[in-house]
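Structure record follows, encoded as structure tokens.
Since we're looking at a predicted model, the values are computed, not measured.
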Amino acid sequence: MFGSLWFASLALTPYLLSQAIDRGLGPRRPAVLLAWTGAVLVTGAASAGLGIMRHRSMTKLRLAAALRTADAVMTHATRLGAALPRRVTSGEVVTIGISDVWTIGRAMNVGGVGVASALAYTVVSVLLFRTSPMLAFVALGGVPVLGLAVGPLLLRVQAAATTYRKRQGGLAAQLVDVIEGLRILNGLGGKQGHLARFRNGSAELRDLGYRVGRMSSWVGALGEGLPGIFLAVVIWLAAREAAAGRLTVGELVAVYGYTAMLVVPVSVFIFCGFDVTRGLVSARHVVTFLRLPPEDTAGMPAPDGPAGLHDPDSGVRVEPGRLTVLASARPADTAAVLERLGRYGPTDATWGGLRLDEVALDEVRARILVAEHSADLFPGTLGEVIAGPDTPRDERIETVIGAAAARDVGAPDHLVEWGGRNLSGGQRQRVRLARALYRDAEVLLAAEPTSAVDAHTEAAIASRLRTARAGRTTVLATTSPVVLDQADVVHYLVDGRVAASGTHRHLLTAQPGYHRLVARVFGEDE
């Protein structure tokens with residue numbers, strides 16, 4: 001509305017000027033000239049006010065569109081929950097949040113100034129037709145010519161922008177991965193290699209951005225230049241009409257004003273086309289993300305009490321109330337078993353004879369906890385971090401801190417920064433373990449819970465973990481001998497399948513492959 005009224009005020013001004021010239025200035029009638037000049041002044045003031053309101057409303061519209069899109073993305077990310085990193089890279093989510101939502105917001109211009117420009121173009125064409133049908137025909141025919149000139153270029157921009165956006169998401173994902181593993185890269189000495197790889201990828205993206213920029217600059221040049229040429233042609237024709245006596249001086253001024261004003265909506269058409277072209281690229285990525293289906297939460301009730309788990313893909317059986325450990329030369333195999341037993345992704349696992357993927361997801365999450373090695377740590381006191389969504393209980397906090405051998409981290413009121421940045425790798429791992437123990441889930445699944453601690457601390461955790469989880473079902477994936485020695489049963493996996501099961505000491509003597517796997521932890525000599 002504000003945009004349409006603003007354009008209408010711009011279109012009205014040349015008409016008022018023509019009337020002031022032909023009815024007041026030409027015939028030398030001061031009173032009439034003053035009246036029409038006053039009308040020009042009032043229209044100018046109204047145009048200024050409408051222009052301010054148009055800009056304010058369009059800014060609100062762009063921000064609202066961007067923030068509502070961001071809210072929809074965040075809501076869906078929350079709905080996906082722990083399945084999110086398994087379905088889309090963190091870099092893609094980052095790119096959506098810092099780039100796509102604002103590009104989509106800018107594309108909303110077509111709903112404001114774009115519609116207003118179309119109305120203004122129609123009004124000016126009618127006014128021109130009343131002045132000179134020939135000039136109106138030239139003005140109306142100019143827009144299709146501009147469309148033919150700019151349209152193919154916009155399609156090329158869209159294709160190039162699609163490729164650029166895809167590369168941008170991949171590079172952002174690489175950057176996030178490097179930042180998350182920076183400490184490890186410092187220790188292993190791989191930082192320079194990843195830096196070189198990122199620099200190469202960034203240089204390729206920059207070069208592609210230059211190509212997109214070159215095409216985009218042509219769109220900008222045509223958007224500014226072609227309407228100027230269009231204006232010159234119409235004014236030249238109008239001047240010839242005035243010289244021939246077919247237009248008055250006032251009408252010539254009006255035609256100039258109409259045409260000059262017409263440059264604005266024509267430029268808006270071009271730039272709206274450019275914004276929509278880029279907005280479509282971003283919108284496709286957002287829609288693809290929003291179409292990721294959340295896990296089906298409906299299903300049958302879970303088993304009434306503690307029940308065993310079985311993963312037919314690997315042959316792993318977990319008896320309730322026992323400490324079970326999975327050992328494999330390939331950590332990815334044991335991690336896959338834990339994901340299937342925890343119902344993250346497709347699974348044929350059963351729980352008490354019931355297919356796990358047919359049990360209500362809320363009951364699975366409430367009773368089966370998968371403690372991931374890289375689970376996030378949110379800022380707060382140590383007690384709040386360990387308690388998570390629950391209310392911290394001092395006695396319970398102290399108990400699980402002791403069980404996780406995490407007393408060196410600090411007291412329960414010790415402040416933990418986001419991601420545990422003020423903690424060492426071993427401290428972060430023990431805080432995650434303490435948080436899992438605090439939950440006291442019926443079934444706890446954890447991969448390599450002691451991989452970042454020294455041998456003395458690992459032995460303490462192994463002995464205390466058994467006590468802390470007494471009567472509960474616990475499944476760990478590790479090749480640590482001190483943890484394996486505490487297990488009720490060990491499943492030795494080869495190529496993702498159970499090759500042998502038994503106690504740690506039994507497998508050491510009965511399975512040469514298992515013996516070599518465990519011995520490799522400390523070295524063959526030991």
Side-chain angles (χ1 to χ4, degrees), residues 82 180-181 183-184 309 316 318 321-342 344 367-377 382 385-388 396-397 399-409 416 419-420 423-493 504 517-518 520-522:
E180 288 180 347
R183 289 190 179 184
I184 298 174
L309 290 165
V316 169
V318 178
R322 306 186 76 184
L323 173 58
T324 303
V325 179
L326 312 179
S328 173
R330 297 191 305 193
D333 291 343
T334 54
V337 174
L338 295 183
E339 289 207 355
R340 291 194 292 268
L341 293 177
Y344 286 109
R367 294 171 60 181
I368 299 178
L369 173 64
V370 180
E372 292 187 311
H373 182 70
S374 59
D376 289 318
L377 294 176
L382 181 60
V385 172
I386 291 174
R396 181 68 182 155
I397 294 290
T399 300
V400 298
I401 287 177
R407 296 199 184 280
D408 63 304
V409 176
V416 176
L423 306 178
S424 68
Q427 287 176 327
R428 289 197 299 271
Q429 188 175 56
R430 283 176 282 154
V431 170
R432 292 186 181 103
L433 178 59
R435 182 171 61 181
L437 294 176
Y438 186 90
R439 175 72 178 276
D440 197 27
E442 178 184 318
V443 179
L444 172 62
L445 311 174
E448 302 291 348
T450 61
S451 61
V453 299
D454 58 71
H456 175 74
T457 305
E458 186 175 38
I461 293 174
S463 61
R464 296 172 190 176
L465 182 61
R466 184 178 181 86
T467 303
R469 292 289 299 170
R472 297 288 195 177
T473 305
T474 306
V475 184
L476 307 178
T478 183
T479 54
S480 167
V482 292
V483 178
L484 290 164
D485 196 39
Q486 294 290 329
D488 294 311
V489 61
V490 176
H491 293 302
Y492 171 47
L493 276 66
H504 170 59
L517 172 65
V518 175
R520 192 173 63 188
V521 175
F522 293 111

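- Between Leu377 and Arg432, the closest side-chain pair of non-hydrogen atoms falls below 4.5 Å.
- Taking CZ from Arg330 and CG from Leu517, the interatomic distance works out to 12.5 Å, rounded to the nearest 0.5 Å.
- Between Val325 and His504 there is no side-chain heavy-atom pair separated by less than 4.5 Å.
- Residue Leu326 is tested with Thr479, Val475, Thr478, Val490 for a side chain to side chain contact (heavy atoms under 4.5 Å, CB included); the sole match is Val475.
- The minimum heavy-atom distance linking Asp408 with Gln427 is given by the pair OD2-NE2, 3.3 Å.
- Across Leu444 and Ala371, no two heavy atoms sit closer than the pair CD1-CB, 4.0 Å.
- Distance check: Arg407 CZ to Arg430 CZ gives 12.0 Å after rounding to the nearest 0.5 Å.
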| message | Run the side-chain contact (heavy atoms from CB on, under 4.5 Å) test on Thr473 and Ile368 for me, step by step, so that the C-alpha distance in whole Å, both residues' side-chain angles and the decisive distance to 0.1 Å come before the verdict. | response | CA-CA 9 Å; Thr473 305; Ile368 299 178; over 6 Å; no
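- Looking at every heavy atom in both residues, Arg435 comes nearest to Ile386 through CG-O, 3.3 Å.
- In this structure, Val416 and Val431 have side chains that are not in contact, with every pair of non-hydrogen atoms separated by 4.5 Å or more.
- Nearest heavy-atom pair, Ala460 versus Ser463, reported as atom, atom and distance to 0.1 Å: O-OG, 3.0 Å.
- Annotation for His491 and Thr324: closest pair CD2-CG2, 3.6 Å, computed over non-hydrogen atoms.
- When each of Val337, Leu338, Leu369, Leu476 is paired with Leu445, the side chain to side chain contact (heavy atoms under 4.5 Å, CB included) condition holds for Leu338 and for no other.
- One finds the CD1 atom of Ile401 at 11.0 Å from the CG atom of Leu437 (value rounded to the nearest 0.5 Å).
- No side-chain donor-acceptor contact under 3.5 Å links Arg469 to the backbone of Leu323.
- Scanning for side-chain contact (heavy atoms from CB on, under 4.5 Å) contacts around Ser451 gives His373, Gln429, Glu448, with sequence neighbours left out.
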| task | Apply the test side-chain contact (heavy atoms from CB on, under 4.5 Å) to residues Asp440 and Val400: give CA-CA distance (whole Å), side-chain angles for both, the deciding distance (0.1 Å), then the verdict. | result | CA-CA 10 Å; Asp440 197 27; Val400 298; over 6 Å; no
| field | Thr474 and Arg466: CA distance, side-chain angles, deciding distance, side-chain contact (heavy atoms from CB on, under 4.5 Å) verdict | value | CA-CA 9 Å; Thr474 306; Arg466 184 178 181 86; over 6 Å; no
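- Nearest heavy-atom pair across Thr457 and Asp454 is N-OD1, 2.8 Å.
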| So Leu465 and Gln486, side-chain contact (heavy atoms from CB on, under 4.5 Å) or not? Walk me through it. | CA-CA 9 Å; Leu465 182 61; Gln486 294 290 329; over 6 Å; no
